[in-house]
Amino acid sequence: MEKKKIVLGVIGSDCHAVGNKILDYSLTDAGFKVVNIGVLSPQEDFINAALETSAEAIFVSSLYGHGEIDCKGLREKCDEAGLNNILLYVGGNIVVGKQEWKDVEKRFLDMGFDRVYPPGTSAEKGISDLREDLGKRG
Amino acid sequence: MMDAYLFIDFGSTFTKLTLVDIEREEIIATEKAYTTVETDVTIGYDKALKKLKEKVAVEYNITNKLACSSAAGGLKIIAIGFVPELTSEAAKRAALGAGAKVIKTYSFKLNESELEEIKNSNADIILLSGGTDGGNSETIIHNAEMINKFNLKIPVVVAGNKSCDDEIKSIFGDNIEYHITENTMPNLNHINVDPARETIRNIFMEKIVHAKGMENVEDSISGILMPTPASVLKAAEVLSMGSRDEEGIGDLAVLDIGGATTDVHSIADGHPTNAGIFLRGLEEPHSKRTVEGDLGMRYSAISVFEAAGAKTIKKYLKYDDLDIEEEVNNRNTNTSFVAIDEKEIDFDEAMAKVCANISMKRHAGFLDTVYSPLGNIHTQEGKDLMKLPYLLGTGGVIVNSRNPKDILSAATFTMEDPTSLKPREPKILLDKEYILSAMGLLAMVNANMAVRMLKKYIVEI
């Protein structure tokens, strides 16, 4: 069976590379084909990569607190580019300061993300969710 | 009697011959005559050959005749990909690396009017890309179906998602001439231009010689007909990287200012020369060619003016009483114009400096600053040529200039473009005998000799 392709990257003006490498390693180890576009990636790069590789999901990381601004409109742009129903996951330190996680999660879900992860989530959690979400689609 | 090789360069204006003594590895003579592609190129070729024979006193025996050509508009390619910044760009780079002129680049699923446009173009080859290996397949399949539907009578080089190759074969069948090769972008952001380059060169060799006015050439040459820019790139490659037995001189760039276009070739990785720089964008080929269709000394004189503006041309002029627009128009309407007096030469050289400056700016990479909560972050797109050791000049205006160094220096880094990664202090080399294209051909049959001769005839100035 062909490996499912996942686009992975750190969005916006954020150059935190460590988490990106860990996710790359873990996803690859779990049997996915990782298309890692690296740090400092604008929304358009995620979309172009997903288009060209026919990816099933986009994993967005953000650690520097500006994730909310950087992620706005990503779902709409995906729809516009023809990436219908592509899975969008986001995680890291996605908002500034101490905020109620329930509110944060809701805001990102409303933006069109399928899964939203707070700081300190293990890669395994994302992977098992991904298997579940992909399984639902058959 | 000595053995000699004859190299022929069918240019858009001149057919240039170079006769080489292969024992001593010396140039015996060079000669040129007007290219006669409208009727039969062999007329101009024979004329040049006759003049060459009169020039050479010693007896010689031509054992090999090799040719390159950019006559009849050169090799014209249409590049098709999927995402503009990705496979379309990769296809375009492969075509440029093959020495082609890229007429137009298309992206996404093609529509009927685009196919009409392609059908009515005078393209020699279509390069069809799209999708990484195992990636998107709908687009390239759709585009293949459209090509088939419109019965295009142009060879199609298929260099896309490998998973689609079989389906494309069955779509094209006997209806479309196609050549399948490796993907120009097998993985995202990694480009693989060499296989497509090689396939294009083979088609050029077999097909293009049968184009109008070129039929009789085949009988007069022994082989290896390649597009002239491809042989210049080949010469640059062997001079830089060396051959099996000969050491190369290292990273370099070639600036070739012609009548219609300005070509820049760089043989270098172009990795960042400063620490802490993040690379962005598509991976760069080690041997990279860019061609500027709007920068040239005659056919493109007006577009040089449009690209640069009077102010920039003035900056390089000694005489400030010239009517810039008039001078530019003169050269554009009278393309065989030869600069003779001091002012004409001054103007030609000012234009050449503009071409040098802008073409290198477009070829080299650039830095961008991202203002982030973590402080300023610098990113680099394209090649960093700041520490490039050599810049080599060729093309009529540079070779015949009294101040070739000044023209070439206009391509180096200045504080006017602080974010451009142009070469900062390269040693300036000159293709004094105008032999780069001939040496590229020689390199195809004897790379060791080509490296030795290049090292002998390319001089530092």
Side-chain angles (χ1 to χ4, degrees), chain A residues 1-18 20 24 28 32-56 58 62-70 77-78 80-84 86 92-97, chain B residues 80-91 107-109 129-142 159-164 183-192 272 275-283 367-381:
Chain A
M1 209 186 82
E2 213 162 71
K3 286 180 179 175
K4 303 273 187 195
K5 289 177 281 294
I6 313 296
V7 172
L8 178 70
V10 186
I11 202 164
S13 311
D14 190 346
C15 58
H16 288 95
V18 179
N20 176 263
D24 190 338
T28 306
F32 294 97
K33 164 95 174 126
V34 178
V35 179
N36 192 352
I37 59 171
V39 299
L40 293 169
S41 295
Q43 291 185 357
E44 290 72 18
D45 285 9
F46 283 92
I47 290 167
N48 285 341
L51 281 172
E52 201 76 75
T53 59
S54 273
E56 309 277 340
I58 294 177
S62 179
L63 210 78
Y64 73 156
H66 294 234
E68 194 168 351
I69 302 167
D70 292 336
K77 279 188 199 149
C78 284
E80 195 72 53
L83 291 169
N84 303 327
I86 191 166
N93 233 334
I94 54 179
V95 288
V96 189
Chain B
I80 303 171
F82 175 24
V83 175
E85 296 88 347
L86 300 172
T87 45
S88 295
E89 180 64 24
S107 300
F108 306 116
K109 288 183 181 169
S129 271
T132 52
D133 281 348
N136 181 279
S137 56
E138 291 89 356
T139 307
I140 190 168
I141 298 283
H142 169 91
N161 184 352
K162 67 159 172 92
S163 311
C164 302
N183 197 347
T184 51
M185 188 188 277
N187 294 304
L188 193 86
N189 281 339
H190 290 284
I191 63 169
N192 172 40
I277 303 240
F278 290 92
L279 276 172
R280 286 193 38 78
L282 201 56
E283 184 187 47
L367 283 182
D368 203 7
T369 308
V370 180
Y371 303 99
S372 88
L374 315 163
N376 292 352
I377 304 168
H378 297 289
T379 62
Q380 170 185 331
E381 220 167 306

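Throughout, a chain's letter reflects where its sequence line sits, starting with A, and its residues are numbered from 1.
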Inset, instruction - Side chain from CB out, backbone as N, CA, C, O: work out which of these in B:Ile377 comes under 4.5 Å of a heavy atom of chain A, or both, or neither. - result: side chain
Inset, instruction - Considering only heavy atoms and a distance below 4.5 Å, find which of B:Leu188, B:Val370, B:Asn187 pairs most often with chain A. - result: B:Leu188
Legend entry - Proximity breakdown for B:Thr379 and chain A, heavy-atom pairs closer than 4.5 Å: side chain
Inset, instruction - Mind ranking B:Met185, B:Glu85, B:Glu138 by heavy-atom pairs under 4.5 Å with chain A and telling me who comes out on top? - result: B:Glu85
Inset, instruction - Rounded to the nearest 0.5 Å, what's the gap from OG1 on A:Thr53 to CZ on B:Phe82? Could you check? - result: 9.5 Å
Legend entry - B:Asp133: partners by side chain to side chain donor-acceptor pair (under 3.5 Å), with sequence neighbours left out: B:Asn183
Inset, instruction - Give a yes or no on whether the backbone of B:Gly134 and the side-chain of A:Lys5 come within a donor-acceptor separation of less than 3.5 Å. - result: yes
Inset, instruction - Only counting residues at least two apart or in another chain, list the ones meeting salt bridge (charged side-chain N to carboxylate O under 4.0 Å, His left out) with A:Glu44. - result: A:Lys77
Inset, instruction - Examine whether an atom of A:Ile37 lies under 4.5 Å from a heavy atom of chain B, and if so say whether it belongs to the side chain, the backbone or both; otherwise answer neither. - result: side chain
Legend entry - Side-chain heavy-atom pair A:Asp45, B:Arg280 within 4.5 angstrom cut-off: yes
Legend entry - Rounded distance [0.5 Å steps], OG in B:Ser129 versus CD in A:Glu52: 8.5 Å
Legend entry - Sub-4.5 Å side-chain heavy-atom contact between A:Cys15 and B:Phe278: yes
Legend entry - Heavy-atom pair count under 4.5 Å with chain A, highest-scoring of B:Gly131, B:Ser137, B:Gly281, B:Ser163: B:Gly131
